[in-house]
Amino acid sequence: MSSGTRVNSRIDEFRAAVASRIDAEAWAEGFAVDGALPAVVVEPRSEADVASVLAEAQAAGLSIVAVGAGQHLTIGNPPERYDVALSMRRLNRVIAHEPADLTVTVEAGTSFGDLGLTLSPHNQFLPVDPPGGGATVGGLVAANLSGPLRHAYGTIRDWLIGVRVAHADGRISKAGGRVVKNVTGYEMTKLYTGSLGTLGVVTEATFKLAPLPPVRCTVVCTTHSAHAASTLLFAARDAGLSLEAAELLSPPAAFAVLGEARWSVLMRLGGVRGGVDRTMRELGTYANGLGGAADEVRDDAWERWYTAFALERLSLRVSVSPTSVPEVVEVLDRRFAGAAAMLSATAGVGVIRAKLSPSAEERAGALVDHARELVSAHGGSVVVEAAPPSYKREHDVFSPLRADFAIMKRLKDEFDPKRTLSPGRFVGRL
Amino acid sequence: MTTPSPDDRALPRGFVTRSVIRELERALGKERVLSTPEELIAYEFDGTIERGLPQAVVFPESTDHVSAAVRIAYRYDLPVVPRGAGTGLSGGAVAAIGGVVLAMARMKRILEVDVANRIAVVEPGVVNLDLSRAVAEHGLFYAPDPSSQRACTIGGNVAENAGGPHCLAYGATTNHVLGVELVLADGEVVWVGGRTRDVPGYDLTGAFVGSEGTLAIATKIVVRLSPLPESTRTLLAIFDTIDDASRAVSAIIATGILPAALEMMDRNVIAAVEPVLNAGFPLDAEAVLLIEVDGLEEATVEEADLIERICHDHAAREVRVAVEAADRELLWAGRKSSISALGRLYPNYYVLDGVVPRTRLPEVLGETYRIAEKHGLAVANVFHAGDGNLHPNLLFDEREAGATARVLEAGAEIMRLCVDAGGSITGEHGVGLEKRDFIGWIFDDTDLAVMAGLKRAFKAGEHFNPCKAFPTHKGCGELSQAHVARVAAALGQDMYV
């Protein structure tokens, strides 16, 4: 019997074991990961069923990729095996929203948009805004993806206060809780955040929430150079102005988001009226001093940013020290010139996103190598968040491993000894 | 010499012999090793009523020293207990089953301050407030501010994931640590995290912070620094009922303002503070709120006005506002001196660290009074109202027969109360020795088994800080729970929250 036949028979057994109770989809489109399709898609409606799917898959020696809205499947190395897609989208209940406690508990398949609809009538929000759209809460936790709001609010890691997790062997555990401050037990929430579902499948998450600022508006400062834009952005940061977001945009990015191809800083102002007004005044002064201008624009600029930087084609995320941002952005803009690269830097925290045009895909290897060489000289890291399968088959999408990889490897061995959960996708192809 | 057991649940079984001491002295220098009973006694306790006598205390001054000491302990199968300033409030620095205490106080260098990138690299023995003072000239500060910040160390803060009044807006220690150099149980030195925000891989830094000294020893810590706000306004509001004060707290949060700090003191604290301080607190008031906002001048003016109005709308008897540093200090004085004031009235106190959803504060506070009364104890509440982190202080005299037992019983009931209200047994002090047998109220065997997997990934076994943070297993034995007073006397208000 060939190994392919053996896998097929195990899949048949798995299907027989879960099919009587758990919905299975006949079609696998929409669940492709780096061009690979699963043999079966299951859509459990409860946490218990998620756990039993995992246990059955592990027992059958099959591999599983948990999928929310499929927004972040481009992140990570290609799975070395992909038998079962575990669709989480039917676990979509808001379990508890306590407005006065500023906390919310939701099932992992809840869409981020639906969560916003629950929260906004209470003037509250979960302050993360990753590129793209339509993600599920579980997907956001697994990918720990962030957007411009990271400037003021950090990432979802900083807002996740409790989880329930289904493990590869079918056990269900919890960590953290539903209160905003809690140091009981190890902070397992941190481990699951950004683990791409390689340690367990988050079934339920509790977040603390932020109040929506009473006054919000969007301001663009256009300048003549990358240097001027960086200078303005850091001056605004250092003055402690009321900024929720401050993105440094390269001319191609500014063209996509604002319709004008100039070095720009796109900012979200938020706070009480007095603070926002003062911030507007000071931004005007800074911009004038640099020979540029500061103008209020419509908030839909952000929607264009989320679309422009959706993870597709060739998308890179660079992390460096904030002071390295101006130079790295300028050099990348020059080196990527032929690839019509859009660059957007959450400069205050040292994160740079680069998105390259389709014509650049064949040259992906060389472009990423350029970026890695430059960034490693600045002590930073580059993660390829989206790339053509041809690139991903040949290259590790993460930066080189460090000494603590030994701990990570043991962690994976502890949590998923049979490599059931997204095998091969995480750092070091764990 | 014994070979370390592969069984991760096995407690270290070695003894500190003359040859262990000789090896430690050879590796670190004679002047960095204590081993006589009279020297060791000072390292028997921390800020709690727990005690445990180590057989050796070493004072490393470098990562190499720590690694060498840990290696020796590993070879002789000895427990290693890291210790900062010994101000902890959960028994985290107590040598529960003896062994070698690593006193980190001499590793107190601020190795680097990177002003433009707002980070500092520090050794674990740096005192929390010393870091803020050192970077103040650059307009920066280190945000986590446990009330022991004049004495406690960054390393201890990292171990416990310490909080403080200002973590309402700024977050706890975990939000301010980017990377840590660690010494593992076998002496290996490894970095987790780093100087930039995103380091690919599992968030081992996040998992390490708050691990209560059980996974590894931190030898260098990269921390985030925050900009000093341009303006700060402090309000003090006096209320006739705890309900009114609690509703004012919720109303403030509902406006969209997240104050930098939002603290509450109850009647029993007022009664203790007022005679000492003459702050003008009415003795018949039930609650005092201390609220701080910071940021741009224009913003804090507007926020303070709004908060003042909300307090009046919720029947505040009086609201005071202070802007200048000296005036703000006066308003904080009642909060900061509350514990020492209580100390004047009662020889002993036992502080709890429960957390409940903010909306459950009024009823849970009411229950703490009933529980204390049932046990014939007084209780005074001074706490972080903004995030529902309660600190009931049970007041007693340990010389009174059975008093300590009644305190521990009442403490357990109050912790249970917090859990039943949807909360937790510790918000910022850690589980340590004190609460390890209550963790089962929150986490079941599966939850704990999963956490044990993290410990195995670090190959930590029970080498570091055995018997802490998780339920007792065989061998930890019954630890003494009877000595409150001298710790409190020695540390005064600095030991407190």
Side-chain angles (χ1 to χ4, degrees), chain A residues 98 100-103 123 154 157-158 171-175 177-188 190-191 193-195 211-214 240-242 271-275 277-278 319-323 349-351 379-381 383 398-399 402-405 407-408 410-411 414-415 427, chain B residues 116-117 160-161 163 171-172 174-175 190-192 195-204 206-207 209-211 227 229-230 250 253 256 258 295-296 298-299 301-303 355-359 387-389 422-428 430-431 439 442-443 446-447 450-451 453-454 456-458:
Chain A
E98 306 292 348
D101 293 330
L102 281 173
T103 58
N123 291 321
R157 166 202 198 267
D158 302 302
R171 289 180 303 169
I172 294 167
S173 76
K174 62 183 177 302
R178 291 189 182 182
V179 281
V180 298
K181 196 173 174 192
N182 186 2
V183 296
T184 311
Y186 289 147
E187 287 242 3
M188 306 305 288
K190 301 287 191 286
L191 284 181
T193 306
S195 67
L212 275 170
L241 299 183
S242 301
V272 292
R273 172 54 66 191
D277 287 349
R278 155 99 177 268
S319 181
V320 288
S321 293
T323 48
V349 295
V351 172
S381 60
V383 175
F398 298 102
S399 288
R402 309 178 332 151
D404 60 351
F405 179 69
I407 301 173
M408 296 181 192
R410 287 195 295 269
L411 202 55
E414 282 291 335
F415 280 71
V427 297
Chain B
N117 287 313
E160 304 298 340
N161 189 12
T174 186
N175 302 106
V190 61
W191 270 94
V192 296
R195 302 165 65 100
T196 59
R197 292 296 202 281
D198 290 339
V199 176
Y202 296 126
D203 183 4
L204 298 178
V209 175
S211 61
E230 161 186 297
S250 290
I253 302 282
L258 194 60
L296 295 179
E298 290 83 348
V301 169
E302 192 173 328
E303 289 167 351
V355 195
V356 296
R358 190 187 298 115
T359 43
D387 39 33
N389 188 189
S424 176
I425 56 176
T426 174
E428 56 185 9
V431 172
I439 200 169
I442 296 179
F443 294 125
T446 305
D447 305 333
V450 169
M451 291 180 193
L454 174 62
R456 282 192 296 273
F458 273 85

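This one's a predicted model, so the numbers in the text were calculated from it and none came from an experiment. Numbers restart at 1 for each chain; the letters A, B, ... are given by sequence-line order, proteins then strands.
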Non-hydrogen atoms of chain A under 4.5 Å away: do they reach the side chain of [X], the backbone, both or neither?
{"X": "B/A207", "value": "both"}
{"X": "B/V209", "value": "backbone"}
{"X": "B/V190", "value": "side chain"}
{"X": "B/P227", "value": "neither"}
{"X": "B/D198", "value": "both"}

Examine whether an atom of [X] lies under 4.5 Å from a heavy atom of chain B, and if so say whether it belongs to the side chain, the backbone or both; otherwise answer neither.
{"X": "A/V272", "value": "both"}
{"X": "A/V351", "value": "side chain"}
{"X": "A/F398", "value": "side chain"}
{"X": "A/L241", "value": "both"}

With sequence neighbours left out, the residues meeting side chain to side chain contact (heavy atoms under 4.5 Å, CB included) with A/E98 are A/A96, A/D101, A/T103
Out of [options], return the one with the most heavy atom pairs under 4.5 angstrom to chain B.
{"options": "A/G380, A/P322, A/G154, A/G194", "answer": "A/P322"}
{"options": "A/E187, A/R178, A/K174", "answer": "A/K174"}
{"options": "A/V180, A/L212, A/L191", "answer": "A/L191"}

On a heavy-atom basis, the closest approach of A/P214 and A/G271 is CD-O, 3.6 Å
